[in-house]
2 protein chains.
Amino acid sequence: MVFADFLRGRRRDLLSAQDLEALEAAVADVRNLPPRKTFISRDQNITMSTYLIDGVMCRYMDDRQGERQLVAVHVAGDFVDLHGYPLGHLDHDLATLTACRVALVPHVALDHLVATRPALTKLLWFSTLLDAAMHREWIFRLGRLDAIARVSHFFCETEAKLRAIGRSDGSHFILPMTQADLGEACGITSVHMNRMLRELKDRNLLAMHRHDVEIRDRKGLARLGEFDPAYLFLDDQN
Amino acid sequence: MVFADFLRGRRRDLLSAQDLEALEAAVADVRNLPPRKTFISRDQNITMSTYLIDGVMCRYMDDRQGERQLVAVHVAGDFVDLHGYPLGHLDHDLATLTACRVALVPHVALDHLVATRPALTKLLWFSTLLDAAMHREWIFRLGRLDAIARVSHFFCETEAKLRAIGRSDGSHFILPMTQADLGEACGITSVHMNRMLRELKDRNLLAMHRHDVEIRDRKGLARLGEFDPAYLFLDDQN
DNA sequence: CGCTTGGTTGAATTTTATCAACTACGGTGG
DNA sequence: CCACCGTAGTTGATAAAATTCAACCAAGCG
């Protein structure tokens, strides 16, 4: 069962048993990837899409000096580059953060699904638009929030996503990102990220040791980060 | 002919005559909207999607103090909130900048198209993912570029989009946005936007009077803004 | 043990926001 | 026709936020 976490916590009930079966049948290959490895580069032609079974991946773009800007962080259950199917190629790079297990689905198989399974098609489309909704929230975060609020917002989002797939109990989770990675996600330097993390700890909102994140005050963190999970389209989850 | 500019400059040839006809038949209503009016608010349930026939619209989110962050600017030919079809509701507001002419397409009609026209479905999906690609570029812009580069990048993007639909000749176009609007798009204050526009003029890159934009050095502007139009998925256009 | 990576700290500098005036200009009403 | 008004744009001074640079510490690994 490859797609166990697909849309988990998000309209999973709309995925009929037959559609799920068809989706499983579309998988051409399952692969294990090493950590910190770029799996797909921008502009390379792609004929398959990558579904993340387990692990953490990210998508990023480089500026002229080679500095990264993360545009998305992906966890188990994410159809990471399904958007490459209608687009034909990616406009960014895709890399692993941890060791990952991924399933590859050929675009020709997706063509078949689109031609025969409208309900599934709409759900696949939906899943790509979830990413777009998160993109918008990242724009908001970078455009309107200061550093401390950006970091708070990022952790709130990440916690909510992990909780939806059972990888967070609401106050504790593993996030395999360095402070430099976090800075690349939030548009600040790693030095400043370090100071912001300390401030969050001082304010008793959040503490991170290595890759262990402890949310000490979720309400307070959400207030500071102006976080409202509506854009994640989760089934309920307060 | 409502969809004359749809996908213009971008795989328009993949849209068959029959599919186009079916799309035209799906339009339930055509409306004229006044300028500077919020047309759809976040969280309101929507049953139709909005295609922009002519005019300029924007999508935005408010922070807690009510300050706006634009997340997209739309021009003729954009299926502005097609993503609301799979999502069910919007996570942001949609407003006009100028007076606009829009076509409304009921989601039930889209359901019918998805069930019967796979090629059209894929193109509609594609068009929503173009927006996602632009979102990513906006994330990059806000996360990695300083103010002057952000502004340059924004103008490069806008010029390229307008050129694709014949609203720019490469050096001159109309952009009905105030300096405050531009600031809300680029994540800077209107005061700072004013200074950046002056600097662009001083550097002989771009001059804007009222809503008249004159690109004086497109190459230079693109270099400064680290702009590469690949993410716009245009047919050619250097 | 020494090396590398990630994290921490302080000081100086740069960038951008904020605040407060003030100007230019296109309507509108008298 | 002109005075007035509101919006958009402009400018300078000051303050706040974040970067940069340079050093140093700590842990994990060969």
Side-chain angles (χ1 to χ4, degrees), chain A residues 34-37 56 63-70 97-98 141-154 174-203 206-214 224-225, chain B residues 34-37 56 63-69 97-99 141-154 174-203 206-214 224-225:
Chain A
R36 300 261 157 199
K37 164 131 183 128
V56 180
D63 70 7
R64 192 169 299 130
Q65 298 92 51
E67 299 288 310
R68 285 187 178 192
Q69 173 64 45
L70 299 199
L97 286 171
T98 62
R141 183 158 78 211
L142 293 167
R144 284 268 88 85
L145 302 184
D146 62 9
I148 190 77
R150 286 185 206 175
V151 178
S152 304
H153 187 286
F154 177 80
I174 306 287
L175 183 65
M177 295 174 74
T178 65
Q179 292 184 2
D181 295 332
L182 292 169
E184 288 169 358
C186 296
I188 62 179
T189 61
S190 62
V191 172
H192 203 50
M193 177 56 73
N194 182 282
R195 299 195 233 261
M196 295 303 101
L197 288 174
R198 179 146 55 97
E199 185 171 339
L200 288 177
K201 185 158 77 180
D202 289 348
R203 292 214 219 172
L206 175 147
M208 184 172 189
H209 310 99
R210 292 282 289 159
H211 298 151
D212 261 21
V213 181
E214 182 200 346
L224 179 55
Chain B
R36 300 262 156 199
K37 166 134 182 127
V56 180
D63 71 7
R64 193 171 296 127
Q65 297 92 51
E67 298 289 308
R68 285 187 179 191
Q69 174 65 46
L97 286 171
T98 61
R141 183 158 76 210
L142 292 167
R144 284 267 88 82
L145 302 183
D146 63 8
I148 190 78
R150 286 186 205 174
V151 178
S152 304
H153 188 287
F154 177 79
I174 305 288
L175 184 65
M177 295 174 74
T178 66
Q179 293 185 1
D181 296 331
L182 293 169
E184 288 168 357
C186 295
I188 61 178
T189 60
S190 61
V191 172
H192 203 52
M193 178 56 74
N194 182 281
R195 299 195 231 261
M196 295 302 101
L197 287 174
R198 180 145 55 97
E199 186 171 339
L200 288 178
K201 185 158 75 177
D202 289 349
R203 292 214 217 170
L206 177 146
M208 185 171 187
H209 310 98
R210 290 284 289 161
H211 298 151
D212 261 19
V213 181
E214 181 200 346
L224 179 56

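Order of the sequence lines sets the chain letters (A, B, ...), proteins ahead of strands, with each chain counted from 1.
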Out of curiosity, A:Ile188 CD1 to A:Phe154 CZ, how far, rounded to the nearest 0.5 Å?
11.0 Å
Ignoring hydrogens and geometry, is there a side-chain-to-backbone donor-acceptor pair from B:Arg144 to A:Asp63 under 3.5 Å?
no
Are the side chain of B:Asn194 and the backbone N or O of B:Val191 linked by a donor-acceptor pair below 3.5 Å?
no
Could you tell me whether a side-chain N or O of A:Arg150 sits under 3.5 Å from a main-chain N or O of A:Cys186, the two making a donor and an acceptor?
yes
Has A:Ser190 got a side-chain atom pairing as donor or acceptor with A:Gln179's backbone, closer than 3.5 angstrom?
no
Contact pattern, 5' to 3', of nucleotides 6-22 of chain C - B, S or - by protein heavy atom under 4.0 Å
SSBBBB----SSBB---
